[in-house]
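These values consider heavy atoms only, across backbone and side chains, with no hydrogens, waters or symmetry-generated copies.
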Amino acid sequence: QVKLLESGGGSVQSGGSLRLSCSASGFTSNNYCMAWFRQAPGGGREGVAVKQGDGTTTYADSIKGRFTASQDNPNKNTLYLQMNSLTPEDTAMYYCAARRCTEYSSRTSRYEDFTYWGQGTHVTVSS
């Protein structure tokens with residue numbers, strides 16, 4: 001059974017940093033792509049940092065240069081999101097997600113293409 005567990009959310013002032021973690025179990029990371037999505041109140045679910053089958057990461061334009069996703073070695077079952085220079089616009093529920101993928105899988109950042117989801121961790125940035 002695939003399980004995703006996020007941690008690291010909290011409250012921070014504008015300009016601050018947070019590091020989110022997603023611990024995955026129940027699958028072999030080589031056969032899955034993991035991602036961070038976020039959803040602000042009243043908004044849609046946005047792909048913030050999405051690992052693709054070829055090993056690259058697709059970042060949302062809104063966070064480029066500020067957020068960095070990484071995975072632990074060697075099993076890569078933990079996905080991190082280092083968030084720097086946070087602004088109030090980054091306030092949202094952050095979700096970890098996973099989908100089956102291989103190096104030949106199509107690239108995607110659509111939340112509909114992800115099968116497994118964590119319960120989320122909330123990030124609040126105050127001005």
Side-chain angles (χ1 to χ4, degrees):
Q1 183 179 2
V2 174
K3 291 185 179 179
L4 302 173
L5 182 63
E6 304 97 334
S7 62
S11 297
V12 65
Q13 289 191 327
S14 185
S17 298
L18 284 173
R19 189 192 196 205
L20 306 183
S21 298
C22 172
S23 178
S25 61
F27 64 73
T28 302
S29 61
N30 289 337
N31 297 324
Y32 285 79
C33 289
M34 297 177 68
W36 286 104
F37 286 79
R38 69 182 181 184
Q39 187 165 16
R45 196 162 291 194
E46 174 189 31
V48 173
V50 181
K51 304 292 284 185
Q52 305 292 344
D54 62 2
T56 60
T57 303
T58 300
Y59 291 99
D61 288 341
S62 58
I63 59 85
K64 279 182 180 177
R66 300 188 297 121
F67 292 9
T68 303
S70 61
Q71 289 178 285
D72 63 330
N73 290 311
N75 59 21
K76 299 184 179 180
N77 273 20
T78 301
L79 181 68
Y80 302 100
L81 185 66
Q82 179 65 45
M83 305 187 296
N84 299 327
S85 302
L86 286 162
T87 73
E89 288 69 35
D90 297 316
T91 295
M93 184 71 82
Y94 285 71
Y95 296 94
C96 180
R99 67 178 178 111
R100 287 184 179 272
C101 77
T102 71
E103 61 183 318
Y104 304 108
S105 296
S106 299
R107 302 176 67 83
T108 182
S109 293
R110 301 189 331 144
Y111 74 89
E112 298 93 333
D113 293 329
F114 285 77
T115 307
Y116 305 101
W117 293 85
Q119 292 191 329
T121 184
H122 201 267
V123 171
T124 301
V125 185
S126 57
S127 57

To the closest 0.5 Å, what do you measure between [atom1] ([X]) and [atom2] ([Y])?
{"X": "Leu81", "Y": "Leu20", "atom1": "CG", "atom2": "CG", "answer": "5.0 Å"}
{"X": "Cys33", "Y": "Lys51", "atom1": "SG", "atom2": "NZ", "answer": "9.0 Å"}
{"X": "Ser70", "Y": "Leu79", "atom1": "OG", "atom2": "CG", "answer": "7.0 Å"}
{"X": "Glu103", "Y": "Asp54", "atom1": "CD", "atom2": "CG", "answer": "9.0 Å"}

Are any of the side-chain heavy atoms of [X] and [Y] separated by less than 4.5 Å?
{"X": "Thr124", "Y": "Val12", "result": "no"}
{"X": "Tyr111", "Y": "Asp113", "result": "no"}
{"X": "Met83", "Y": "Val123", "result": "yes"}
{"X": "Trp117", "Y": "Val2", "result": "no"}
{"X": "Ser23", "Y": "Glu6", "result": "no"}

Exercise for the section: Would you check if there is a donor-acceptor pair between the side chains of Thr56 and Arg107 at a distance under 3.5 Å? Expected result: yes

Practice task
Ignoring hydrogens and angles, state whether a donor on the side chain of Ser127 or Gln13 is under 3.5 Å from an acceptor on the partner side chain.
Solution key: no

Handout entry: Check against side chain to side chain contact (heavy atoms under 4.5 Å, CB included), Lys3 and Phe27
Key = CA-CA 9 Å; Lys3 291 185 179 179; Phe27 64 73; over 6 Å; no

Minimum heavy-atom distance [X]-[Y], with the two atoms named:
{"X": "Ser105", "Y": "Thr102", "answer": "OG-N, 2.7 Å"}
{"X": "Phe114", "Y": "Ala35", "answer": "CE2-CB, 3.7 Å"}
{"X": "Ser109", "Y": "Thr58", "answer": "OG-CG2, 3.6 Å"}
{"X": "Gln52", "Y": "Ser106", "answer": "OE1-O, 4.3 Å"}

Practice task
Would you indicate whether Gln119, at its atom CD, is surrounded by more than 12 heavy atoms from other residues, nucleotides or ligands within a distance under 6.0 Å?
Solution key: no

Exercise for the section: Determine, using ring centers only, whether Trp36 and Phe67 are less than 6.0 Å apart. Expected result: no

Listed pairs under 3.5 Å, donor-acceptor, residues 85-96 side chains, sequence neighbours left out:
from	atom 1	to	atom 2	distance (Å)
Thr87	OG1	Glu89	N	3.3
Thr87	OG1	Glu89	OE1	3.1
Thr87	OG1	Asp90	OD2	3.4
Asp90	OD1	Arg38	NH1	2.9
Asp90	OD1	Arg66	NH2	3.0
Asp90	OD2	Arg66	NH1	2.7
Asp90	OD2	Arg66	NH2	3.4
Asp90	OD2	Thr87	N	2.9
Thr91	OG1	Pro88	O	3.0
Thr91	OG1	Val125	N	2.9
Thr91	OG1	Val125	O	3.4
Tyr94	OH	Arg38	NH1	2.9
Tyr94	OH	Asp90	O	2.7

Exercise for the section: Kindly say whether Cys101 contributes a backbone atom to a donor-acceptor pair with the side chain of Asn31 at under 3.5 angstrom? Expected result: no

Exercise for the section: Using atom types as modelled and distance alone, determine if a side-chain donor or acceptor of Glu46 lies under 3.5 Å from a backbone N or O of Gln39. Expected result: no

Problem - Within 45° cone and under 6.0 Å: Arg99 NZ/CZ vs Tyr116 ring - result: no

Practice task
Tell me who clusters with Tyr104, hydrophobic residues only, linked when side chains sit under 4.5 Å apart either directly or through other members.
Solution key: none

